Asker: 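I'd like to ask you about the structure that follows.
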Amino acid sequence: MSAAELAGKIKSREVSAVEVTTAHLDRIAAVDERVHAFLHVDRDGALQAAERVDRGEVTGPLAGVPVAIKDVITTKGVPTTAGSKILEGWKPPYDATIVERLRDAGTVMIGKTNMDEFAMGSSTEYSAYGATKNPWDLERIPGGSGGGSAAAVAAYEAPLAIGTDTGGSIRQPGAVTGTVGAKPTYGGTSRYGLIAFSSSLDTPGPVTRTVEDAALLHSVIAGHDVRDSTSIPQPVPDVVGAARLGASGDLTGVKLGLVKEFAGDGSEPGVLAAFRDSLDKLVKLGAEVVEVSCPHFEYALPAYYLIAPSEASSNLARFDGVRYGLRVGDDGNRSLEEVMSLTREAGFGPEVKRRIILGTYALSSGYYDAYYGQAQKVRTLITRDFQSAFERVDVLVSPTTPFVAFPFGSRTSDPYQMYLADLFTIPTNLYGGPGISVPCGLADGLPVGFQVMAPTMADDRMYRVAAALESVVGTLTPPAL
Ligand code: GLN
């Protein structure tokens with residue numbers, strides 16, 4: 001059942017929230033040894049939250065429905081590691097704003113999901129706690145960095161999950177697991193309590209099995225937050241209404257911009273075939289396809305790999321062995337600097353170290369203008385590409401990711417091969433607009449994602465188009481585990 005259906009049955013008391021929660025805890029117990037979507041399951045906390053719903057103490061459109069949270073988001077008293085050894089054992093003293101909103105809405109926080117360390121990666125292979133497996137094929141990656149959230153939803157361990165998207169970490173895992181992943185407008189969902197990777201890009205958002213569920217979850221977590229200075233003080237677009245409108249299957253008058261630079265080479269043939277077939281389906285629903293050129297999109301990946309590591313090198317300076325989690329070598333004979341060095345050496349994995357080094361270099365005196373400054377200029381040009389495209393079309397469309405789920409180990413030896421997974425998702429992050437990945441078919445038996453990108457604060461548009469596509473493609477269910 002979808003989250004919306006579950007919520008309806010809980011509300012009408014056909015099933016209790018405790019029954020729904022127990023069913024999901026049982027499912028986790030049955031399959032998560034193989035999938036490894038969770039780093040922590042909060043059994044007691046979940047059952048208590050469900051009991052409150054059954055006693056009628058909390059109501060709301062998703063009351064009683066379990067939700068899994070990516071482990072980069074703080075949950076009061078519940079371990080939060082960001083997939084890193086440096087935070088092992090840390091229990092945050094506060095809830096992130098979106099977690100607070102989820103609790104207030106009566107959703108049941110069931111556990112914390114696995115991820116690439118500090119959200120750096122596209123496969124979960126960089127998690128310090130071992131990779132998550134793709135429920136479609138346990139030998140393949142579930143995407144990343146939010147592979148745990150996507151796999152939990154795909155494997156029916158949770159009907160809802162929260163991810164974070166800095167360069168594609170909600171949408172790419174959605175694409176390769178056959179789930180729906182939505183990145184809201186930057187500033188549309190609060191970053192308060194989200195452990196920072198790249199503060200000008202990080203955006204929390206929904207991971208679900210249906211577009212309507214994503215819209216419902218979006219509407220619960222979104223909206224202005226005074227504790228996040230980049231949060232947008234405007235009403236949340238009517239994403240639920242837009243998803244329901246789209247589900248009626250009518251796209252008359254909607255203009256889809258086909259990004260010329262992303263429609264050709266670079267994607268696997270099966271991905272392109274599923275994408276083109278979906279585009280035809282949308283045309284049959286009344287949409288018009290207009291080819292648009294976004295000439296600077298080809299520089300998005302290099303610009304991102306200067307901006308994101310630069311911000312990360314600054315943000316990750318706080319993990320120094322003094323404030324949180326791990327401390328190594330504090331034997332009374334070593335200097336503070338030595339303890340900090342030993343802690344960071346032991347606590348960070350190789351990809352995180354690579355990013356810190358890259359970012360520190362890009363920000364260093366003498367190189368700042370040539371690298372970081374230049375990347376910021378490219379970011380502006382990419383934003384202008386989006387703005388001029390949106391003068392002609394309502395949304396932009398592309399495949400979500402160039403390739404289907406790849407086998408473990410096949411892209412870890414060359415970082416650039418891993419970075420290519422986000423070729424089509426990164427421009428949206430640099431611009432700050434919303435983007436969604438919706439399942440659009442299979443290639444070689446594995447899910448393919450269709451991406452819809454919209455102007456900032458027009459998140460409703462992408463939900464309408466995604467729901468229309470879902471109404472003709474249907475949802476995808478992985479082979480039984
Ligand atoms: N895969 C990209 C990276 O490694 C994006 C990650 C993300 O969105 N958190 O940086």
Side-chain angles (χ1 to χ4, degrees), residues 69-73 82-84 113-128 131-132 141-150 161-177 181-184 186 189 191 194-207 300-313 315-316 348-359 362 375 379 400-403 405-406 411-412 414-437 449 451 453:
I69 311 270
K70 190 177 180 183
D71 206 31
V72 72
I73 295 167
S84 182
T113 57
N114 195 18
M115 54 182 285
D116 289 291
E117 186 176 4
F118 287 106
M120 298 170 184
S122 299
S123 68
T124 74
E125 288 166 293
Y126 295 133
S127 166
T132 297
I141 61 103
S145 62
S149 286
I162 296 290
T164 62
D165 196 308
T166 303
S169 285
I170 291 177
R171 290 164 287 162
Q172 183 260 1
V176 301
T177 59
K183 173 219 172 295
Y186 174 81
T189 44
R191 286 184 299 109
L194 162 56
I195 297 172
F197 162 12
S198 182
S199 312
S200 76
L201 300 164
D202 297 340
T203 312
V207 182
L301 202 65
Y304 172 89
Y305 277 99
L306 289 166
I307 293 168
S310 294
E311 294 186 16
S313 73
N315 275 324
L316 270 56
F348 289 138
E351 182 62 23
V352 173
K353 286 177 184 160
R354 174 156 42 231
R355 307 268 180 126
I356 292 173
I357 292 167
L358 192 59
R379 185 173 187 174
T400 306
T401 180
F403 28 81
F406 46 88
R411 287 178 189 265
T412 37
D414 177 359
Y416 186 67
Q417 289 304 315
M418 189 71 84
Y419 298 170
L420 282 175
D422 294 318
L423 194 60
F424 304 149
T425 48
I426 279 176
T428 298
N429 298 83
L430 292 172
Y431 158 57
I436 192 169
S437 178
Q451 179 178 224
M453 299 164 267

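Just so you know, these numbers come straight off a predicted model, no measurement behind them. We count ligands from 1, going down the list as the structure has it; atoms in each ligand are counted the same way.
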Asker: Give the contacting part of Ser145 toward ligand 1: side chain, backbone, both or neither, where contact means a heavy-atom distance below 4.0 Å.
Answerer: side chain
Asker: Would you say Phe348 and Leu316 make side-chain contact, with heavy atoms under 4.5 Å?
Answerer: yes
Asker: Does Tyr419 reach ligand 1, in the sense of a heavy atom lying below 4.0 Å from it?
Answerer: no
Asker: Any idea how Tyr305 and Tyr419 line up, ring-wise: parallel (<30°), tilted (30 to 60°), or perpendicular (>60°)?
Answerer: parallel
Asker: For atom 7 (C) of ligand 1, which of Ser169, Pro173, Gly144, Ser123 has the closest heavy atom?
Answerer: Ser169
Asker: State whether the shortest distance between N or O atoms of Met120 and N or O atoms of ligand 1 falls below 3.5 angstrom.
Answerer: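 By distance alone, the answer is no.
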Asker: Any heavy-atom pair between the side chains of Tyr126 and Arg354 that's under 4.5 Å?
Answerer: yes
Asker: Please could you name the atoms of ligand 1 that Tyr304 approaches to less than 4.0 Å, counting only its heavy atoms?
Answerer: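 Heavy-atom distances to Tyr304 below 4.0 Å select 2 (C), 3 (C), 5 (C), 6 (C), 10 (O).
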Asker: Please evaluate residues Leu194 and Ile73 with respect to the criterion side-chain contact (heavy atoms from CB on, under 4.5 Å), reporting the C-alpha separation (whole Å), side-chain torsions for both, the decisive distance (0.1 Å), and the verdict.
Answerer: CA-CA 5 Å; Leu194 162 56; Ile73 295 167; 4.1 Å; yes
Asker: Ser122 heavy atoms, cut-off 4.0 Å: which ligand 1 atoms fall inside?
Answerer: 1 (N)
Asker: Which is it for Arg355 and ligand 1 at heavy atoms under 4.0 Å: side chain, backbone, both or neither?
Answerer: side chain
Asker: Which of the atoms of ligand 1 are close to Ala119, meaning less than 4.0 Å from one of its heavy atoms?
Answerer: 6 (C), 7 (C), 9 (N)
Asker: Could you tell me whether the side chain of Lys183 and the main chain of Gly433 form a donor-acceptor pair under 3.5 Å?
Answerer: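 Yes, Lys183 side chain to Gly433 backbone: donor-acceptor pair under 3.5 Å.
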Asker: Any N or O of Gly168 that comes nearer than 3.5 Å to an N or O of ligand 1?
Answerer: yes
Asker: Is there side-chain contact between Met453 and Pro427, with at least one heavy-atom pair below 4.5 Å?
Answerer: no
Asker: Are the side chains of Asp116 and Met418 in touch, meaning some heavy atoms are under 4.5 Å apart?
Answerer: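 No - every pair of side-chain heavy atoms lies 4.5 Å or more apart.
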Asker: Closer than 4.0 Å to some heavy atom of Tyr305 - which atoms of ligand 1 meet that?
Answerer: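 Checking each atom against Tyr305, I get 2 (C), 3 (C), 4 (O), 10 (O).
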Asker: For Ser198 and Thr166, what are the C-alpha separation, side-chain angles and deciding distance, and is it a side-chain hydrogen bond (donor to acceptor under 3.5 Å, both in side chains)?
Answerer: CA-CA 7 Å; Ser198 182; Thr166 303; over 6 Å; no
Asker: Check Tyr126 against ligand 1 and report side chain, backbone, both or neither, counting heavy atoms closer than 4.0 Å.
Answerer: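 The answer is neither.
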Asker: Just to confirm my output: which protein heavy-atom neighbour is closest to atom 2 (C) of ligand 1, and how far is it?
Answerer: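 Here the nearest protein heavy atom works out to Asp422 OD2, 2.9 Å.
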Asker: Cation over ring, Arg355 on Phe118, under 6.0 Å and within 45°?
Answerer: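 Cation-pi check for Arg355 and Phe118: fails.
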Asker: Any nitrogen or oxygen of Lys70, side chain or backbone, less than 3.5 Å from one on ligand 1?
Answerer: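 No; every N/O pair is 3.5 Å or more apart.
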